[in-house]
2 protein chains.
Amino acid sequence: MRDAYKMATITDPEREFLAAYDPTVYERPSLTVDVALIRVSDDALGTLLVTREEHPDKGKAALPGGFVRMSESLDEAAQRVLREKAGLEGVFLEQLYTFGAPDRDPRTRIVTVTYFALVDGRRFDAIDRATHAVVPARIEVPWEGETGGPIDALTEGGGSLELAFDHADILGMAVKRIRGKLDYTPIGFQLLPDRFTLRQLQHVHETVLGRPLNKDSFRRRMLASTELEATGERQRDVDHRPAALYRFGRRSAV
Amino acid sequence: MRDAYKMATITDPEREFLAAYDPTVYERPSLTVDVALIRVSDDALGTLLVTREEHPDKGKAALPGGFVRMSESLDEAAQRVLREKAGLEGVFLEQLYTFGAPDRDPRTRIVTVTYFALVDGRRFDAIDRATHAVVPARIEVPWEGETGGPIDALTEGGGSLELAFDHADILGMAVKRIRGKLDYTPIGFQLLPDRFTLRQLQHVHETVLGRPLNKDSFRRRMLASTELEATGERQRDVDHRPAALYRFGRRSAV
DNA sequence: TGAATAGTGTCTATAAGACAATATCCC
DNA sequence: GGGATATTGTCTTATAGACACTATTCA
């Protein structure tokens, strides 16, 4: 601890400068990352939660998260959390928003940098629940468009699920952001396997946006967008005319 | 400090739990906010910088910023920084992105939550430079649309200005975000005084986007958008037909 | 009256929605 | 062949850009 005399005579910028060198001068918030992992399952959005084993909010469901380590970037921390908590690697991950209300965690000041991740629903189901204590959940969006606001999660059976801390707000922000990006960035692909039909892609868009889309217009837009690449293959084992399979363009020509 | 015996036998989640209670268990990053304050001046975007008086990057220009205090939210910290460094209150402020590369500050690990702020250019000029040591700067955007990337700042005279740390990246992210939001959110108003003409609003949009806009189409879009409210007043002391003055709608009907 | 910019009306090109017709698979 | 969905083509409607014309102020 510095002596009071010195603290009283140095100016504010100096104090901040010293504080940066000496972590004991000022208290500082803890820093975590939390990840909203989103998938499309049947007719609803889904996410992956972890049951809290400790107080506070013991027993409630929380987003997978963890403290940021000194040597890793924020992106790396989010990747690590996904790997440790869900065994997932190489999923699409993007920073969402940083939540820092002083009272958002009753223990102490914890600021959390949140991310959203998009993953093919099947990889979601393939997670080994014995080694990773995750809870798949359905997402219920109580607003239209990009209104925003907190979001409830339900168990896969449809039972209600209490969310810890401000995680309902984080999920709401994730859905709002994804809806906004869907129209002008190639992001829907991330929720599908490598090869997919236009119908499947439209279903993903409709589920994310929470409203039906015009089929003809959707086809035209997607085919005109240069993001899609025809594989030349078609569906197999369907009891109707098989649709062409597309893949996300490598954008090699950029 | 806890004894080594105990540290060795507790599990990882427990350790994190304890770390949250006891700030000395783990080192944690410092947390700051930095604000990219944007205005439109004549034919270019402008921002407000502060000359660094200390190492590292002494003498370089930096965004106004400061450490987050334990009792204030992130938004409040950003507001405080604007008040303390530039004497500005009540400006539009929105969280931008959180930068946390481990080596972004050579002193120690500093994670910064960045904001962008939009302000009428005239309030910018009215800042008392004697009490607030700020440097107005012009912004040079070296890419089109929403490509993104770091951005250079110039002195008002046109001389080059070296930016500290990763602040060129932060400015670039701010411009990219503002360009993206301009088309579908009422944000251009924030860069103008209370009352303004459609021409002035179009000039703001063109300066932000860095490209000319179709006058007729711009008028139609704006007048159809319900965001604008005619004041019934007109321009005065112009040597041509005076344009109608509009104001940002109170959105009372939402 | 003339210079200058504001504001209006009309035409055209482009993108979205609606709908009909045809194609291709499995049974 | 029949059921089902994919794919193509055409028509209609909404929106953006282009352009010509009229309006209003000050010098």
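Just so it is clear, the values below take in all heavy atoms, side chains as well, and ignore hydrogens, waters and symmetry mates. Please read these numbers as outputs of a predicted model, since none were measured by experiment. Here is how names work: the chains are called A, B, and so on, in the same order as the sequence lines, proteins then strands, and each is numbered from 1.
Atom CD of A:Gln202 has more than 12 neighbouring heavy atoms from other residues, nucleotides or ligands inside a 6.0 Å radius. Within 6.0 Å of CD on B:Glu162 lie no more than 12 heavy atoms contributed by other residues, nucleotides or ligands.
Without hydrogens or angle criteria, B:Glu94 side chain to B:Phe116 main chain gives no donor-acceptor distance under 3.5 Å.
The nearest whole Å value for the distance from the CG atom in A:Asp237 to the P atom in C:dC27 is 8 Å. Protein atom CZ of A:Arg221 is 8 Å distant from nucleotide atom P of C:dG17, rounded to whole Å. Across the protein-nucleic acid pair, B:Gln235 atom CD and C:dA6 atom P stand 7 Å apart, rounded to whole Å. A straight line from CG of A:Asp239 to C1' of C:dT24 spans 13 Å, rounded to a whole angstrom. The nearest whole Å value for the distance from the CZ atom in A:Arg241 to the C1' atom in C:dC26 is 14 Å. Spacing between atom CZ of B:Arg219 and atom P of D:dA18 amounts to 17 Å, rounded to whole angstrom units. The distance from atom CD of A:Gln202 to atom P of C:dG17 is 11 Å, rounded to the nearest whole Å. Remark: P of C:dA4 and NE2 of B:His240 are 11 Å apart, rounded to the nearest angstrom.
Between A:Phe218 and A:Val238, the residue anchored nearer the 5' end of DNA chain C, judged by the nucleotide with its closest heavy atom, is A:Phe218. Heavy-atom distances to DNA chain C give each of B:Leu245 and A:Arg234 a nearest nucleotide, and the one nearer the 5′ end belongs to B:Leu245.
Taking only distance into account, the side chain of B:Arg220 never meets the base of C:dG7 through a donor-acceptor pair shorter than 3.5 Å. Side-chain to base pairing of A:Asp216 with C:dC19: one donor and one acceptor N or O lie within less than 3.5 Å of each other.
Across all non-hydrogen atoms, the minimal contact from A:Ser160 to A:Thr155 is O-CG2, 4.4 Å.
Of the inter-residue distances, the one linking A:Leu192 atom CG with A:Phe248 atom CZ reads 12.0 Å to the nearest 0.5 angstrom.
Comparing D:dT7, C:dG7, D:dG17 against the side chain of A:Ala243 picks out D:dT7 as the nearest. Closest to the side chain of A:Ser217, out of C:dG17, C:dT24, C:dG7, is C:dG17.
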